[in-house]
Amino acid sequence: MFNFTYAHNDTSVGERKTPTAQFNIPHIAQSISDMRLNAFERGIPTADDETLNFLVTLLSAIQPENILELGTAVGISGCVMLDVCKYARLTTVERDENFHKEACANFASLGFSDRVTQVLGDAGGAIEKLNGQYDFIFLDCAKVQYVKYLPRLKALLKTGGILLADDVLLYGWITGENPVPPKRKMLAAHIKEYVDAVTRDEGLTTSIINAGDGLALSVKK
């Protein structure tokens, strides 16, 4: 069993439930659903139902061709994105070697390997080395680094492209639904800093989505 302080556990208990969570159930391939259940059972972080459903719905509409993901884990969200976007290519970054290897096996088992570039390493270092422009960026790595990565992610995003950041209302701490534990005040402060940055950035149009643990959807002007 892995030990993750901010893992998304079984969505039957979840970190944060919105009133609409009961309706927002993702329809994904059974093979990916089985992988996801296995990840949940081992305590490995992967998107909750409502977050994943939002991701599936959004990508079904916009059909990006060039996707960047920061935070591969074992590849569940990556597999979902490639399954929904049949012609997309995915670059995905993960710093944990065991996760990286398991994700590689998962991509291969579903026939996605030829559409995936996996990067093993820290997200901050990885994005500095990337070139090109992305239609869609899914930010789901170390929360305290979100605001630090923002300038570079904006540079990597095409005009009209979407940056989707997960967990921006973490446990309801950012909205004031729940009090921030004393030991997590710095984490909450960093997330709030990101929310403030993207909602005030004149180069972005941003909406904070009350789904799962909160999503920030930013479109580059």
Taking the side chain as every heavy atom from C-beta outward, state whether Val74 and Thr46 have any pair of such atoms under 4.5 Å apart. no

Do Asp167 and Leu169 touch side chain to side chain, with heavy atoms closer than 4.5 Å? no

So do the side chains of Asp135 and Ile62 get within less than 4.5 Å of each other, counting heavy atoms only? no

For the ring pair Phe112 and Phe107, is the centre-to-centre distance below 6.0 Å? no

Ring-plane angle category for Phe136 and Phe138, please: parallel below 30°, perpendicular beyond 60°, tilted otherwise. parallel

I'd like to know if the side chain of Arg89 reaches the main chain of Leu82, judged simply by a donor and an acceptor atom lying under 3.5 Å from each other, with no hydrogens or angles considered. no

Of Lys192, Lys185, Met186, the residue whose pairing with Val180 passes side chain to side chain contact (heavy atoms under 4.5 Å, CB included): Lys185

I'd like to know if the side chain of Glu69 pairs up with that of Thr91 as donor and acceptor (distance under 3.5 Å, no hydrogens or angles considered). no

Between the side chains of Asp34 and Ser31, is a donor N or O closer than 3.5 angstrom to an acceptor N or O? no

With side chain to side chain donor-acceptor pair (under 3.5 Å) as the criterion, how do Gln118 and Thr72 come out once you've worked through the C-alpha distance, each side chain's angles and the decisive distance to 0.1 Å? CA-CA 9 Å; Gln118 288 186 250; Thr72 315; 5.6 Å; no

Is the count of non-hydrogen atoms from other residues, nucleotides or ligands lying under 6.0 Å from Lys221 atom NZ greater than 12? yes

Does Thr51 reach the main-chain N or O of Ala47 with its side chain, forming a donor-acceptor pair under 3.5 Å? no

Could you tell me whether the side chain of Thr206 reaches within less than 4.5 Å of the side chain of Asp201, counting heavy atoms only? no

For a side-chain contact (heavy atoms from CB on, under 4.5 Å) check, start with the C-alpha distance between Lys158 and Tyr134, then their side-chain angles and the critical distance, and finish with the verdict. CA-CA 6 Å; Lys158 289 182 179 179; Tyr134 294 90; over 6 Å; no

Side chain to side chain donor-acceptor pair (under 3.5 Å) between Glu102 and Asn98, intermediate numbers included: CA-CA 6 Å; Glu102 185 169 337; Asn98 290 329; over 6 Å; no

Got a sec: does the CD of Glu65 have more than 12 other heavy atoms crowding it under 6.0 Å? no

Backbone of Leu37 reached by a side-chain donor or acceptor of Arg42 within 3.5 Å: no

Checking Arg115 side chain against Ala88 main chain: does a donor-acceptor pair fall under 3.5 Å? yes

In this structure, CG of Asp140 is separated from CG of Asp166 (nearest 0.5 Å) by 4.5 Å

